[in-house]
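Chain letters run A, B, ... following the sequence lines, proteins first and then strands; every chain starts at 1.
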Amino acid sequence: MAVAEAAPELLSPAEIDRAFRDPFSPSKRTKATSWIVLLAVLTAFPLVFTNPAVTSIGVFTMFFLLAVVGWNIFSGYSGYISIGHAVYYGFGQYTVALLIMHLGITSGVSELAIVPLAGLAGAAVAVPVGLLVLRVRRHTFIVLTIAVMFIFQLLAFNFPSITGGSTGLNVTPPPWSGNDYNLPFYYIALGTAAIGLLTSWAVRRSKFGLGLLAIRDDEDRAKGLGIKVTRAKLIALVLSAFFVGIAGGLYAIFIGQVFPQFAFTPFYDLYLAVFAFVGGLGTLSGPVFGALLLGPLQQYFELQFGATTLYLIIYGVLFVVILLALPRGIVPSLADRYRTFLASRWRRAEERRGVEGSGVTAGSMIASAPGAAPAERGGS
Amino acid sequence: MSLIEIQEIAKTYGGIHALDGCTLSFEEGHISGLIGPNGSGKTTLFNVVTGYEQPDSGSVRFDGDAITRLSPDKVFDRGIGRTFQLTRIFPRMNVVENLHVAAQRSGGFRSELSRWSSTSERARAKEVLDFVGLTRLASEMAGNLSYGQQKLLEFACIIIARPRVILLDEPAGGINPTLLRHLASRIRALNDEGITFVVVEHDMEFVMGLCHKVCVMHQGRTLCSGHPDEVRQDPLVLEAYLGTDMREADLTRSGAN
């Protein structure tokens, strides 16, 4: 089996890079620099804007950022849209509240030290929940995740001896004030979000992550190419639940209260899904853009119109407008337009030089197949 | 001993007997053709062999081991790859990513955490793309390729995984003659290296020119099998394809749509 087994022809990595390079994609250095700049801006933000009202919006935005980056690891890559991640969010909240209560923890630092356990609790509960809901796909999956989420809400309401029922649980907040109160939460959430992003990046470049994308595009065929689909989906869900659980744990301490209807709430998942959709589902940077643009807006609306839920209508309209203008979300749609722009500019330059299209023999033969796409196509 | 042995496979959908005690075998190192009228059970047979459908009864053996009712990923791990009648690629992944989905999944979970784009794997992907002639489109989204290019990509996705057997479901459907000759030459080249092929196809010229042995299915059973020239002359085959009293008809022309 020559193609099958012969030692790969000794192509140098540089030659392969040249063959596989996407001429319209930003270079690695550009990407890395952008991430570092973004991290620097987010790190500096609460030091520049020191008004506690502003930094607390920043805190909530970081909570969202952390959760939506986590949500995307599962739903974005695998295409299984979960509207039930509030299960892990709520579980994180109750875990932290109960531990602080029963262990009698009072110092703010020790309270924050418990937060990783909220992530582990979220991840742990994702295993049985995942084994249940991952049996179905698409719309049924979405409905089932919502249903499971409400079951948890009902459980929280109906076991008052553990959860406090509808009176909820109180968490003694750390004895700090003003920005001294906000900043630890801000930076812990930002740091965890950065870890989440690194995880997301590692998943995206691993074979495991490639399998998730294949599941998103055609699960049955992915299975036929040897991918253990159930295992892959479950692992992605557990990873994802870990970060959402941490968001829940931080939120519970920050707010100081846990209620069933706010811990296990469908709105939370709608936010996560909308943020990810608007930014660009299944991309590394999309959820970040989504959370950073819409997170503060959500906070602003809630402060301004919080008494009514009318702001949700404005939110819905905004969502529809963005999806009409940029149907795949901000990042992929803009990237596509940029590619189209570069490709057409490149083609015009070729024409000016009077060069015939890059006539690779096999390629041009294949391009003559009926309905062949032009090789250097841009967007759509 | 044959590489794939199918014994008395039956599969019904409601009242329809898609496979009705089908028995046949495919030899190692051959390109075997599987022909028959629409609805004769060819694709269902592929689905049963590759684990996409569970048979009601019967058994499938691959290299002596029973693989009946194994799930598709396990069948693939054993070394049987397939393409689909309606070409299936991963449209929102680029061509290179498509290839890597299937490549080298045998190393357990630890290997799954490694990068898919390591140098050796990329070299292998480049080799396969050169082999089918898609290198120029390496960074293109698979969904943007033409239908013929998608067929080649689907084919490339299978061969990169080094299977022992490749099942092709209507590889010639909807692609132009130039591309078809290209595809046939690729199949022959891989066959020369020892890969076994089973081809379901309606294009008789393609099947008769390519296959060492042809098996004809009709109403969920094997009608006959043998050398392409024998099968072409068989009155039962002519009858199954064309109804009665059409012995004069030219199978070559009528088969190709």
Next item on the list: Please state whether the side chain, the backbone, both or neither of Leu129(B) comes within less than 4.5 Å of a heavy atom of chain A.
Entry: side chain

Margin query: Need one label for Ala222(A): side chain, backbone, both or neither, based on atoms under 4.5 Å from any heavy atom in chain B.
Written below: both

Note to self: For Arg138(A), is the CZ atom crowded, meaning more than 12 foreign heavy atoms sit under 6.0 Å from it?
What the structure shows: no

Notebook entry, point to check: With a 4.5 angstrom heavy-atom cut-off, which part of Ala142(B) approaches chain A: side chain, backbone, both or neither?
Noted result: neither

Item checked: Inter-residue atom distance Leu281(A).CG - Arg92(B).CZ, 0.5 Å rounding -> 8.0 Å

Next item on the list: Determine, step by step, whether Leu225(A) and Phe76(B) satisfy the side chain to side chain contact (heavy atoms under 4.5 Å, CB included) criterion, reporting the C-alpha distance in whole Å, the side-chain angles of both residues, the deciding distance to 0.1 Å, and the verdict.
Entry: CA-CA 6 Å; Leu225(A) 291 175; Phe76(B) 184 81; 3.8 Å; yes

Next item on the list: Step through the shown structure and confirm whether more than 12 heavy atoms of other residues, nucleotides or ligands are within 6.0 Å of CG on Leu132(A).
Entry: yes

Checklist line | All side chain to side chain donor-acceptor pair (under 3.5 Å) counterparts of Thr135(B), not counting sequence neighbours | finding: Asp130(B)

Margin query: With a 4.0 Å cut-off on N to O distance, would you call Arg231(A) and Asp73(B) a salt bridge?
Written below: no

Check: How long is the gap from CD1 on Ile215(A) to CZ on Phe90(B), to the nearest 0.5 Å?
Finding: 9.0 Å

Checklist line | Which portion of Glu154(B) sits near chain A, non-hydrogen atoms under 4.5 angstrom | finding: both

Next item on the list: State whether the number of non-hydrogen atoms from other residues, nucleotides or ligands found under 6.0 Å of Arg69(B) atom CZ is greater than 12.
Entry: yes

Margin query: Need one label for Val75(B): side chain, backbone, both or neither, based on atoms under 4.5 Å from any heavy atom in chain A.
Written below: neither

Item checked: Partners meeting salt bridge (charged side-chain N to carboxylate O under 4.0 Å, His left out) with Arg221(A) (sequence neighbours left out) -> none

Next item on the list: Go through Arg82(B), Lys74(B), Arg88(B) and name the one with the most non-hydrogen pairs under 4.5 angstrom from chain A.
Entry: Arg88(B)

Next item on the list: Indicate the atoms forming the closest heavy-atom contact of Met93(B) with Asp217(A), along with that distance.
Entry: N-OD2, 3.6 Å

Item checked: Heavy-atom closest contact (Asp77(B) atom, Lys228(A) atom, distance) -> OD2-NZ, 2.7 Å

Item checked: Heavy-atom check, side chain of Lys207(A) versus side chain of Val101(B), under 4.5 Å -> no

Check: Which atom names give the shortest non-hydrogen contact between Gly224(A) and Pro72(B), and what distance separates them?
Finding: CA-CB, 3.9 Å

Next item on the list: Could you tell me whether Phe46(B) atom CZ has more than 12 heavy atoms of other residues or ligands within 6.0 Å of it?
Entry: yes

